[in-house]
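In what follows, a single structure is set out as structure tokens and then discussed.
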2 protein chains.
Amino acid sequence: MSLIDRVRYSDFHPLIMSAEAAAALVPAGANVGMSGFTGAGYPKLLPQALAARARAEHAAGRPFKISAWTGASTAPEMDGLLAAADAYEKRLPFQSDPICRNKINAGEIHFIDMHLSHVAQQAWFGFLGEMKVAVIEVLGVLPDGRLIPSTSVGNNKTWLEIADKVILEVNTRPPLAMEGMHDIYYGTAIPPRRTPIHMTHAAERIGEPYLRVDPSKVIAVVETDQNDRNSGFALPDAVSTQIATHIIDFLAHEMKQGRLPKDMLPIQSGVGNVANAVLAGLLNGPFDNLLGFTEVLQDGMLDLLRTGKMRQASATAISLSNSAYEDFERNIDFYRERIILRPQEISNHPELVRRLGIIAMNSMIEADIYGNINSTHIMGSGMMNGIGGSGDFARNGYLSFFVTPSVAKDGKISCIVPMCSHVDHTEHDTQIIVTEQGLADLRGLSPRERAQVIIDKCAHPDFRPLLQDYFDRARQKGAQHTPHILGEALSWHERFLETGTMHG
Amino acid sequence: MSLIDRVRYSDFHPLIMSAEAAAALVPAGANVGMSGFTGAGYPKLLPQALAARARAEHAAGRPFKISAWTGASTAPEMDGLLAAADAYEKRLPFQSDPICRNKINAGEIHFIDMHLSHVAQQAWFGFLGEMKVAVIEVLGVLPDGRLIPSTSVGNNKTWLEIADKVILEVNTRPPLAMEGMHDIYYGTAIPPRRTPIHMTHAAERIGEPYLRVDPSKVIAVVETDQNDRNSGFALPDAVSTQIATHIIDFLAHEMKQGRLPKDMLPIQSGVGNVANAVLAGLLNGPFDNLLGFTEVLQDGMLDLLRTGKMRQASATAISLSNSAYEDFERNIDFYRERIILRPQEISNHPELVRRLGIIAMNSMIEADIYGNINSTHIMGSGMMNGIGGSGDFARNGYLSFFVTPSVAKDGKISCIVPMCSHVDHTEHDTQIIVTEQGLADLRGLSPRERAQVIIDKCAHPDFRPLLQDYFDRARQKGAQHTPHILGEALSWHERFLETGTMHG
């Protein structure tokens, strides 16, 4: 299908141009809103053209940088190329690109790590500055100028509203049959004019299938014909399978105890291999008629939908492996009836996460013995990817799991430590910690009780005696609500930085 | 007015008994739900009788403890006496009593420090165990058995619903003319049956003025005739006045920039002298027609109401000084029309705090240079009071301020530190930090940018060069997203523990 067939609003036809020509319309120093969430629906050609422009400008001795605001992570052809071209001044609210990460940790890019449910409203409030241009991937334009969203919605609704100018990338690769899958909610407002969001079921549609844009703001239309990043997942290994088993056993136990309804509650699952393994575990688990209410629909959730274990899933992005994507495209009519893609403001909304009673499952980098969680930082200073939506779901969900293998780096790092080197989720927000070693149910426990349960259930046997020794000695000195030895609390991380291992 | 006049449901008359007789009905080891929020509306005689029973049992060599769940803090005659009598096994979700605090920090009481908006639902979900008895202060009983709430609502609605048995303390001291001031919402449910909370204005009534109780669960009615704790506030001093000035100047600036509506947004103010001083500052500030949407209505908010600067205020408790309380009682007809007391589940509800666009102002113990906040712990291990509702408001509010004097303990402690010794609010939830030195607006800043602003604006001059030195040296080594020197990050706290001062 050609571009003209996809762009059925004729006023836009004169705006069709090359990515290079469109990139020339982006002012230096601008805040640029980009589409894109977890490697899905990001603009594919314009960032490359912008990177080329930055390199040319720099070669000519002229400064050229932009600040990029997205939904979440994008792909090497956006974050990788723009970071490599030193074209980023600031980046928010999430990223996962190795080159971009290195530049952030080298102090060359300012990265602002935000709760994903906060981004659209803070931008709308004017807290983040003015957005000069939005660059949004869409699948097509209706005859009346409305836009058919792509494989992610992210913050596109807000970017289209608040940007001075808009550049559209029309991607002709994904099937137009996705039309109708999206649910764009236009009922939000700035206080004091906000009203309740009338959703009481995870799969309820409350909006419309199209994005609106003021046509007079559109300054360029660029054609792309490319798939999303579509990175694969590792097959579930023994460790992640064990984690999944602990979670499923726990959920079955809670249901038996009457603390979970028989129909289960909607499931949120973070991004990554362990999260995907948990979903794979649910495939063979005892629960039927599941619902998904999550940020990103990954392979595991697609499997649950295909097999009928899950009835419907709500997300803001579809991020699949190549083989899963092929299945998605082949069976698009089946999946369109079962998947709803919403703005991330809605997919992650505290109001909805609490009301619907979401079961939140998120991975982490480390937990400390008192249940504080580090989701973002390596050894206190280095940014990994960002907090993403983990806080939106963990704080407001019905049940909240944080999961990790008990060790990393071939056993040199314990993911259970005396004190987290950075805290993203506090003890107040952590209910259940799971490693392959076991599951620590922290509900209703004091810090000292938590510590013993986490050490016993979650720590790797190689580190368990060291953690117990720390905890025992901390209980011999100082205040005893949260016993710590401050001079040692971060020594495991220091030792790793100095010797390459947390082992003594 | 006599007890019989207050208890107009005659089936309860045979249940009137002494506090001692009622205390004998509380099973050893029970989870006991108590009324009480910030020294208001707590049961006054039954805890004393329980403490006496505990002492007698212990003297006879028998164990006797209970676990007490409240709304928030109570008073010496409850938390103080029960803690002193070694009658507490566990305590949740907040306390501020010196004896109770000492026992917690001695490791003799397990304290569970929870977001105040989480408590009722987690108890209802069954996550905290069974509640055997609820002990609830009320002002009276209607002829049909419904209860007139007292000076706080807290978690009383939920305690009355989930407890096996109920003991009522009918306090004849507060005026019955408070009747009609309360707004008890009975529309909550357990997922998946939850629906939107239909409130779109801070002063909107959505419930009914009375608490319901199943009369068959009531096992005792005890008479009290006592005022609440009613502790006084320090008069605003130079430091807290300066903090208030910074905040008011900032709000005026935001309004001018169009980032705050001209009518202002509803105000939440934490508990304590600094918070009270900020409210005193608003008394002479440029804003009119204010609305309060907060946990605790303190003297400062009463002043705003009396003078007409504030139209209406919503809270879950009224906690006043003696003189302010006298004014409240004298002008009860005036205040009843302007104050709404709600369950803390509603006063602090994330859904409402976000929808209404609350301006959150909370005090803290320390902030680190990257904007992480410690609200609860002294030097990493000792509990002060608890997180209270600060997280409910800070995470979900439109604007969020954290305030503290820049130094404590006669200048020996810097309240701005390289790394917090405990984190209750993460960098993702902190927007604005204020000390008497100045105001750091962190919105849209990366960690390195935040650090420089916090050091420049908020640190005390005595500590500023030391913080700058730490930050400068941290920028010379390691990853640069959040530059830290882990071996030094907590050294200021260690130094204080060893030498009694953070000064080198």
Side-chain angles (χ1 to χ4, degrees), chain A residues 90 104-107 110-115 125-129 191-192 194-198 200 258-259 261 265 350-351 354-357 372 377-378 380-383 387 391 395-396 398 421-424 426 428 443-444 446 448-449 478-484 486-487 489-490 493-494, chain B residues 90 104-107 110-115 125-129 191-192 194-198 200 259 261 265 350-351 354-357 372 377-378 380-383 387 391 395-396 398 421-424 426 428 443-444 446 448-449 478-484 486-487 489-490 493-494 497:
Chain A
K90 285 199 178 184
I104 289 167
N105 289 327
H110 288 286
F111 176 59
I112 305 159
D113 183 19
M114 299 173 71
H115 296 298
F125 296 162
F127 292 177
L128 305 175
R194 281 185 173 162
T195 55
I197 300 171
H198 286 280
T200 55
R259 288 190 294 258
L265 289 167
E351 174 174 337
R354 178 156 163 153
R355 182 184 306 148
L356 299 174
N372 299 288
H377 279 63
I378 304 297
S381 290
M383 172 52 54
I387 190 169
R395 167 77 64 91
N396 300 297
Y398 183 89
S421 61
H422 183 90
V423 176
D424 294 291
T426 70
H428 319 283
R443 295 173 299 170
S446 72
R448 274 173 291 127
E449 293 174 312
Q480 291 299 300
H481 178 64
T482 307
H484 265 307
L486 290 184
L490 298 172
H493 302 86
E494 287 178 73
Chain B
K90 285 201 178 182
I104 289 167
N105 289 327
H110 288 286
F111 176 59
I112 305 160
D113 183 19
M114 299 173 71
H115 296 298
F125 295 163
F127 291 179
L128 306 175
R194 281 186 173 163
T195 55
I197 299 171
H198 287 281
T200 56
R259 288 190 293 259
L265 289 167
E351 174 174 336
R354 178 157 164 153
R355 182 184 306 148
L356 299 173
N372 299 289
H377 279 63
I378 305 297
S381 290
M383 171 54 54
I387 191 170
R395 167 77 65 91
N396 299 296
Y398 182 88
S421 60
H422 183 89
V423 176
D424 294 290
T426 70
H428 318 283
R443 295 172 300 170
S446 72
R448 274 173 291 127
E449 292 173 313
Q480 292 298 301
H481 177 63
T482 307
H484 265 306
L486 289 185
L490 298 173
H493 302 85
E494 287 179 73
L497 287 172

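Labels below follow one simple rule: chain letters A, B, ... track the order of the sequence lines, proteins then strands, and each chain is numbered from 1.
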Heavy atoms only, distances under 4.5 angstrom: which of B:Gly107, B:Ala106, B:Gly357, B:Pro261 has the most pairs with chain A? Name it, please.
B:Gly107
Can you tell which part of A:Ile378 gets under 4.5 Å to a heavy atom of chain B, answering side chain, backbone, both or neither?
neither
Looking only at B:Met114, B:Arg395, B:His198, the option with the highest number of non-hydrogen pairs under 4.5 Å against chain A is B:Arg395
Whether B:Lys90 side chain and A:Gly444 backbone form a donor-acceptor pair below 3.5 Å
yes
For chain A, which of B:Ala479, B:Ser381, B:Ser446 has the most heavy-atom pairs under 4.5 Å?
B:Ser381
Between B:Arg355, B:Glu494, B:His110, which shows the greatest number of heavy-atom pairs under 4.5 Å with chain A?
B:Arg355
Decide whether A:Thr482 and B:His422 meet the rule of one side-chain donor and one side-chain acceptor closer than 3.5 Å.
no
Tell me, for B:Leu265 versus chain A, whether the close heavy atoms (under 4.5 Å) come from the side chain, the backbone, both or neither.
side chain
Could you report the tightest heavy-atom contact between B:Arg354 and A:Pro191, atom names first, then the distance?
O-CG, 4.3 Å
Can you tell me which of A:Arg259, A:His377, A:His115 forms the most heavy-atom pairs within a distance under 4.5 Å of chain B?
A:His115
With the side chain counted from C-beta on, respond yes when A:Pro196 and B:Thr200 share a heavy-atom pair under 4.5 Å apart, and no when they do not.
yes
With a 4.5 Å cut-off on heavy-atom pairs, point out which of B:Leu128, B:Leu490, B:Asn105 contacts chain A the most.
B:Asn105
Distance from A:Arg443 atom CZ to B:Ile112 atom CD1, nearest 0.5 Å?
12.5 Å
Contact part of A:Ile104 toward chain B, heavy-atom cut-off under 4.5 Å: side chain, backbone, both or neither?
both
Does the side chain of A:Val423 come within less than 4.5 Å of B:Asn372's, by heavy atoms?
no
Side chain, backbone, both or neither: which part of A:Arg448 has an atom under 4.5 Å from a heavy atom of chain B?
side chain
Quick check on B:His493 against chain A: is it the side chain, the backbone, both or neither that has a heavy atom closer than 4.5 Å?
both
Quick one: which of B:Asp113, B:Ile197, B:Leu497 has the most heavy-atom pairs under 4.5 Å with chain A, could you say?
B:Asp113
Pick one of side chain, backbone, both or neither for A:Pro192, based on which atoms fall under 4.5 Å of a heavy atom in chain B.
both
Nearest heavy-atom pair of B:Tyr398 and A:Phe127: which atoms, and what distance?
O-CE1, 3.3 Å
May I ask you to decide if the ring planes of B:Phe111 and A:His481 are parallel, tilted or perpendicular, using 30° and 60° as cut-offs?
tilted
